[in-house]
Engineer: 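Encoded as structure tokens, here's the structure I'll be asking about.
Throughout, protein chains are lettered first and strands after them, A, B, ... in sequence-line order, and every chain is numbered starting at 1.
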Amino acid sequence: MGELTELHEQRLTKLAAIVDRGIDPYPVRFTDKQDITALRREAFGESDDLTPPENAAAVATAGRVVAIRDMGKAQFLQIQDQNGRIQIYASNKTLNDNDYFVLTHLDLGDIVGVKGRPFRTKTGEPSLHAESLTMLSKNLQPLPVVKEKDGETYDGISDIEMRYRQRYIDLAVNPDARATFLLRSAILRTIREFLHAQNFIEVETPMLQAVASGAAARPFKTHHNALDIELYMRIAPELYLKRLIVGGYEKVFEMNRNFRNEGISTKHNPEFTMIEIYQAYADYETMMRLTEDIFEHLALKLIGSTELPYGKHVISLKKPWKRIGYLESIREMSGLDFEKFLTEENPPVAEAKKMAAAIGLKAENLNTFWEVVDLAFSEKVEPNLVQPTMVTHFPKAISPLAKSIPGNPHLVERFEPYITGREMGNAFSELNDPLEQERRFNEQAAQKAEGAGETMETDTDFVTALKVGMPPTGGLGIGIDRLVMLFANKSSIKDVILFPLLRPQK
RNA sequence: GAGAAGCUAGCUCAGUCGGUAGAGCAACUCCCUUUUAAGGAGUGGGUCCCGGGUUCGAUUCCCGGGCUUCUCACCA
């Protein structure tokens, strides 16, 4: 390492002084810690309106020192644990010599254990009168200081790069960051509980796959040494989960990471969390209701209301949500009527491009009718779907795993929920006809051969599985990170992923 | 992958029309035993992101590079 900063050196000096005195600055354990919020509530009342008796029993707690107000022989500290803060009053009157030595060698960022009586200061601040003070972990890397008054914070950290690269600092210093990831945890737990209550089972399927299918995306490639084979990080668990339905499980879900070797943006991280849910003897209508149920349940359980503030909007998650057909939504919001071509076996590309160009869409480089339609959808419809909306009946051409609408050659039983202009999920009545599935895979391969971008890889064992027989099944995928963004009112996916991918620093 | 913006003390930020830089907080020394953005007196702290060029002299101007953010493209 290079030269130490002055601050770091000063801390090492203090550390040495503590060690010289025979005090362990990193002791093995402190096992009596009580939760600060809980002990505050117990001593000072539910609404902070009680004053503990003169001889209140001492309590033990611990946390990071986030403020020091040195009054000479006495000091006021604020310590912070996962959920809250409390003030400590400590002086040489009640501390023994070693503990007082620790007090006078304290730095912001140290983690200390305290035993003390609850009391109120003259100004009424709930406090602990320290009877002992134990160094639990000496801080050598100074933390940014956050001062607060009347809800306003001063300084703190706003360097976004530091918040992502050194999330531990962000969490230690920024209450909003801690709250966001507690919320994320609560969301995951609530979804699991909700599904378990309906007799879904949680399963785990391979992350390392010989064929990366189930979605159209570029995979990460890796290599297994002992077998000497190429493997891919999964881009979706879909085809494995449906194998489980073939096997006889009727309600399964998997909530875990997917990996896609694509760009990074405020909506995209190369590894992201999806939940996929499959229910036998159900269809996409069932999954639509399940989607509404999950979102509404989360809102009521976690926010206490179906009305959710997001940016300058208030999102109403109250079911039922608005439903609109894919082509219908395009007609409504762009004026382009593609539905009139549905009777034709091969809808005309040239005509579609002309229509798109007429309203200013850049469709000249597109090759197929449905690509033009999808462009119109993403340009003219998606951004406008702020309130929860189920877009239904997607084109078969871009849905190789979904079941056709009976009698309709072009559309499938598929829907995508949209909120705040973002796609929150994807669901359909699962294609269970093995021969049809084989044809769809072949069509994907053909499109790829013609130079299409990403297409879905053929998984021949999955076709075999379908030949064994899969009951009619509804499937649903929800992007968990985006869902957390919605509930946490965040506009960047990096704010809801603890350690988002960044380019390594050299 | 493209464009725009940013990078200065531990943190948040000023600033230098080219003469090697400041503030607040944090830190250090001293005073203060119920303070709370505690207060008072004093002190220290910087490869101004990196490399090259122009120049007597570059943190500042030019060129190249790095990282981040935002927008766009691919995607969920």
Engineer: With heavy atoms under 4.0 Å as the rule, sort A:Q87 into base, sugar-phosphate or nothing.
Structural biologist: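 A:Q87: base contact, heavy atoms under 4.0 Å.
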
Engineer: Over all strands shown, is A:N139 touching base, sugar-phosphate only, or nothing at heavy-atom distances under 4.0 angstrom?
Structural biologist: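 The residue A:N139 makes no contact with any strand.
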
Engineer: Just checking A:E125: base, sugar-phosphate only, or nothing, at a heavy-atom cut-off of under 4.0 Å?
Structural biologist: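 Since a base atom lies under 4.0 Å of A:E125, the category is base.
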
Engineer: Going by 5.5 Å between centroids and 30° between planes, is there a stack of A:F272 over B:rA76?
Structural biologist: yes

Engineer: To the side chain of A:S91, which of B:rU33, B:rC28, B:rU35 is closest?
Structural biologist: B:rU33

Engineer: Indicate, with a heavy-atom threshold strictly under 4.0 Å, whether A:L143 touches base, sugar-phosphate, or nothing.
Structural biologist: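 Here A:L143 touches no strand at all.
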
Engineer: Please work out if A:D159 contacts a base, only the sugar-phosphate, or nothing of the nucleic acid, heavy-atom cut-off 4.0 Å.
Structural biologist: sugar-phosphate

Engineer: Mind checking if A:L7 touches a base, just sugar-phosphate, or nothing, with heavy atoms under 4.0 Å?
Structural biologist: base

Engineer: What contact category does A:G263 fall into here, base, sugar-phosphate, or nothing, at under 4.0 angstrom with non-hydrogen atoms?
Structural biologist: base

Engineer: Once the angle between the rings of A:F415 and A:Y284 is folded into 0 to 90°, is it parallel (under 30°), tilted (30 to 60°) or perpendicular (over 60°)?
Structural biologist: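 The rings of A:F415 and A:Y284 sit tilted, inter-plane angle from 30° to 60°.
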
Engineer: Looking at every strand, decide which applies to A:R165 at a 4.0 Å heavy-atom threshold: base, sugar-phosphate, or nothing.
Structural biologist: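 It contacts sugar-phosphate atoms only.
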
Engineer: Describe the nucleic acid contact of A:K494 in one word from base, sugar-phosphate, nothing, applying a heavy-atom distance below 4.0 Å.
Structural biologist: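 Sugar-phosphate: the residue A:K494, judged by heavy atoms under 4.0 Å, touches backbone atoms but no base.
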
Engineer: Within the structure shown, what part of the strands sits under 4.0 Å from A:Y164 by heavy-atom distance: base, sugar-phosphate, or nothing?
Structural biologist: sugar-phosphate

Engineer: Kindly point out which of B:rC11, B:rU68, B:rC74 is positioned nearest to the side chain of A:E262?
Structural biologist: B:rC74

Engineer: Could you tell me how far apart A:L108 (CG) and B:rC28 (C1') are, to the nearest whole angstrom?
Structural biologist: 14 Å

Engineer: Any idea how A:Y89 and A:H129 line up, ring-wise: parallel (<30°), tilted (30 to 60°), or perpendicular (>60°)?
Structural biologist: perpendicular

Engineer: Among B:rA26, B:rU36, B:rC70, which nucleotide sits nearest the side chain of A:T121?
Structural biologist: B:rU36

Engineer: Measure the distance from CZ on A:R120 to P on B:rU35 and round it to the nearest whole Å.
Structural biologist: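 Those two atoms, CZ and P, are 15 Å apart.
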
Engineer: List in chain and number order the residues that pass salt bridge (charged side-chain N to carboxylate O under 4.0 Å, His left out) with A:E416, two or more places apart in sequence or in another chain; answer none if no residue qualifies.
Structural biologist: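 Partners of A:E416 by the salt bridge (charged side-chain N to carboxylate O under 4.0 Å, His left out) criterion, ordered by chain and then number, come out as A:R414.
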
Engineer: Between atom CD in A:E9 and atom P in B:rG44, what is the gap in whole Å?
Structural biologist: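 Going from A:E9 (CD) to B:rG44 (P), I get 17 Å.
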
Engineer: Between A:D48 and A:R120, is there a side-chain N and carboxylate O pair less than 4.0 Å apart?
Structural biologist: yes

Engineer: Check every strand shown and say whether A:D481 touches a base, only sugar-phosphate, or nothing at a heavy-atom separation below 4.0 Å.
Structural biologist: nothing

Engineer: Output, in order, the C-alpha distance, side-chain angles, deciding distance and verdict of ring-ring contact (aromatic ring centres under 6.0 Å, His included) for A:Y418 and A:F377.
Structural biologist: CA-CA 12 Å; A:Y418 281 84; A:F377 179 77; 5.7 Å; yes

